[in-house]
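Starting from 1, each residue takes its place in the sequence as its number. Just so it is clear, the values below take in all heavy atoms, side chains as well, and ignore hydrogens, waters and symmetry mates. Here the structure is a predicted model, which is why all the values come from computation and not from measurement.
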Amino acid sequence: MATITTWFTLGLLGELLGTAVLAYGYTLVPEEVRKRYLLLIAIPGIAIVAYALMALGFGSIQSEGHAVYVIRYVDWLLTTPLNVWFLALLAGASREDTVKLVVLQALTIVFGFAGAVTPSPISYALFAVGGALFGGVISLLYRNIAAAAKSTLSDIEMSLYRTLRNFVVVLWLVYPVVWVLGAAGVGLMDVETATLVIVYLDVVTKVGFGVIALLAMIDLGSVGETAEESTAVAGD
């Protein structure tokens with residue numbers, strides 16, 4: 001348990017540092033994208049609360065002979081829809097596709113949690129439903145949302161969309177593997193190791209996602225300013 005607390009504490013520090021960097025970044029991004037940018041600060045910001053509570057020993061229950069960290073699922077239920085919502089906003093997706101994307105992602109987490117607290121084989125059935133829902137998320141991100149992005153974004157912005165989408169989808173695919181190998185699944189991975197892997201993934205996906213977007217937004221702002229200056233000089 002002491003080791004798990006250490007991983008939770010390191011996760012807390014990672015999310016704190018990441019949130020501080022992203023909060024400072026708010027002053028650097030163009031004013032017209034700051035409202036959307038707030039989502040990027042909220043993602044690790046919510047995780048700070050979750051990790052603080054888990055480091056203090058709150059938010060876990062015993063189910064089917066293993067610990068289930070309820071707060072971790074609450075964190076994911078709140079933050080992962082924000083990730084895909086940001087992508088939909090970036091792409092200029094329709095409201096209908098955006099709602100589908102956010103709801104499917106939220107339901108993925110709900111069924112993952114339900115699978116973790118129910119006995120086998122029902123747990124695997126619920127886990128499979130969650131996996132199918134996540135398949136719907138991936139389908140939307142690579143088809144409908146990508147099509148919207150292609151029709152509305154510049155080449156540089158489209159590159160950012162692809163980078164963020166691939167970054168988050170690839171890393172999120174590791175979570176189900178940990179679920180299957182961990183205590184909720186076949187039990188090949190002990191709780192300490194599973195916790196370490198998840199803490200690492202959480203910090204990378206939440207903070208890394210935001211930092212990639214921040215750097216791209218700063219570059220896009222610089223490109224925009226340069227273009228405006230060139231136009232002004234040409235006008236002179």
Side-chain angles (χ1 to χ4, degrees), residues 1 3-8 10-12 14-15 18 43-44 46-47 50-51 54 59-84 87 101-143 162-210 212:
M1 186 59 74
T3 303
I4 292 176
T5 301
T6 301
W7 301 149
F8 285 152
L10 290 175
L12 171 61
E15 303 292 359
I43 292 168
I46 292 170
Y51 273 102
M54 289 190 287
S60 69
I61 61 173
Q62 286 295 318
S63 179
E64 301 303 313
H66 61 88
V68 177
Y69 292 93
V70 180
I71 289 178
R72 173 185 291 162
Y73 284 93
V74 173
D75 172 5
W76 293 342
L77 181 62
L78 295 174
T79 57
T80 59
L82 295 183
N83 283 104
V84 295
L87 286 171
L101 187 68
V102 170
V103 170
L104 283 174
Q105 179 55 39
L107 288 175
T108 298
I109 303 302
V110 170
F111 278 90
F113 173 73
V117 296
T118 52
S120 176
I122 298 174
S123 60
Y124 287 105
L126 293 169
F127 175 77
V129 173
L133 292 167
F134 186 55
V137 171
I138 294 175
S139 176
L140 282 170
L141 288 175
Y142 280 83
R143 300 182 68 174
R162 289 196 185 102
T163 299
L164 290 174
R165 177 196 61 188
N166 296 341
F167 178 83
V168 78
V169 167
V170 169
L171 288 175
W172 281 357
L173 286 173
V174 181
Y175 285 94
V177 175
V178 176
W179 191 100
V180 171
L181 296 179
V186 297
L188 291 178
M189 184 181 288
D190 60 53
V191 177
E192 288 81 3
T193 304
T195 301
L196 170 61
V197 175
I198 289 174
V199 167
Y200 173 79
L201 286 172
D202 271 358
V203 174
V204 172
T205 55
K206 296 177 194 309
V207 177
F209 185 91
I212 291 171

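- In this structure, the separation between CG on L140 and CG on L104 is 6.0 Å, given to the nearest 0.5 Å.
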>> Before you tell me yes or no, could you show the steps for V168 and L87 under side-chain contact (heavy atoms from CB on, under 4.5 Å), namely the whole-Å CA-CA distance, both residues' side-chain angles and the distance that decides it to 0.1 Å?
In response: CA-CA 10 Å; V168 78; L87 286 171; 4.2 Å; yes
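- Heavy atoms of other residues, nucleotides or ligands lying less than 6.0 angstrom from OH of Y200 number 12 at most.
- The structure places CD1 of I4 at 9.5 Å from OG1 of T193, a figure rounded to the nearest 0.5 Å.
- Taking every heavy atom of both residues into account, D75 and A50 meet most closely at CB-CB, 3.7 Å.
- A 4.5 Å side-chain heavy-atom check between I46 and K206 finds every atom pair outside the cut-off.
- Side chains of T195 and R72 form a contact here, defined as non-hydrogen atoms less than 4.5 Å apart.
- Under the 4.5 Å side-chain criterion, counting only non-hydrogen atoms from C-beta, E64 is not in contact with V117.
- You'll find the side chain of W172 stays beyond 4.5 Å of the side chain of T108, heavy atoms only.
- Using bins of under 30°, 30° to 60° and over 60° for the plane-to-plane angle, the ring pair F8/Y69 lands in the perpendicular bin.
- Here the straight-line distance linking atom CD1 of I198 with atom CH2 of W7 works out to 13.5 Å at 0.5 Å rounding.
- When all heavy atoms of W76 and D202 are compared, the closest pair comes out as NE1-OD1, 3.1 Å.
- Under the 4.5 Å side-chain criterion, counting only non-hydrogen atoms from C-beta, M189 is in contact with V178.
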>> Walk me through whether N83 and T205 qualify under side-chain contact (heavy atoms from CB on, under 4.5 Å).
In response: CA-CA 9 Å; N83 283 104; T205 55; over 6 Å; no
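- Nearest heavy atoms, I109 versus T80: CG1-OG1, 3.7 Å.
- Proximity of F113 to V68: side-chain heavy atoms (C-beta onward) are separated by under 4.5 Å at one or more points.
- Considering all non-hydrogen atoms of both residues, E15 and P44 come closest at OE1-CB, 3.4 Å.
- Between the CG atom in L77 and the CG atom in L107 there is a gap of 9.0 Å [rounded to 0.5 Å].
- Taking the side chain as every heavy atom from C-beta outward, F134 and V137 approach each other to under 4.5 Å.
- By the 30° and 60° cut-offs, the orientation of the rings of W179 relative to F127 is parallel.
- Nearest approach of A184 to A116, heavy atoms of both residues: CB-CA, 4.2 Å.
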>> Apply side-chain contact (heavy atoms from CB on, under 4.5 Å) to residues L82 and F209 and explain how you reach the verdict.
In response: CA-CA 11 Å; L82 295 183; F209 185 91; over 6 Å; no
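- Nearest heavy atom pair, residue P81 against residue Q105, reads N-CG, 3.9 Å.
- We find the CG-CG distance between L164 and L141 to be 11.0 Å, quoted to the nearest 0.5 Å.
- Atom CD1 of I138 and atom CG of L133 lie 11.5 Å apart (nearest 0.5 Å).
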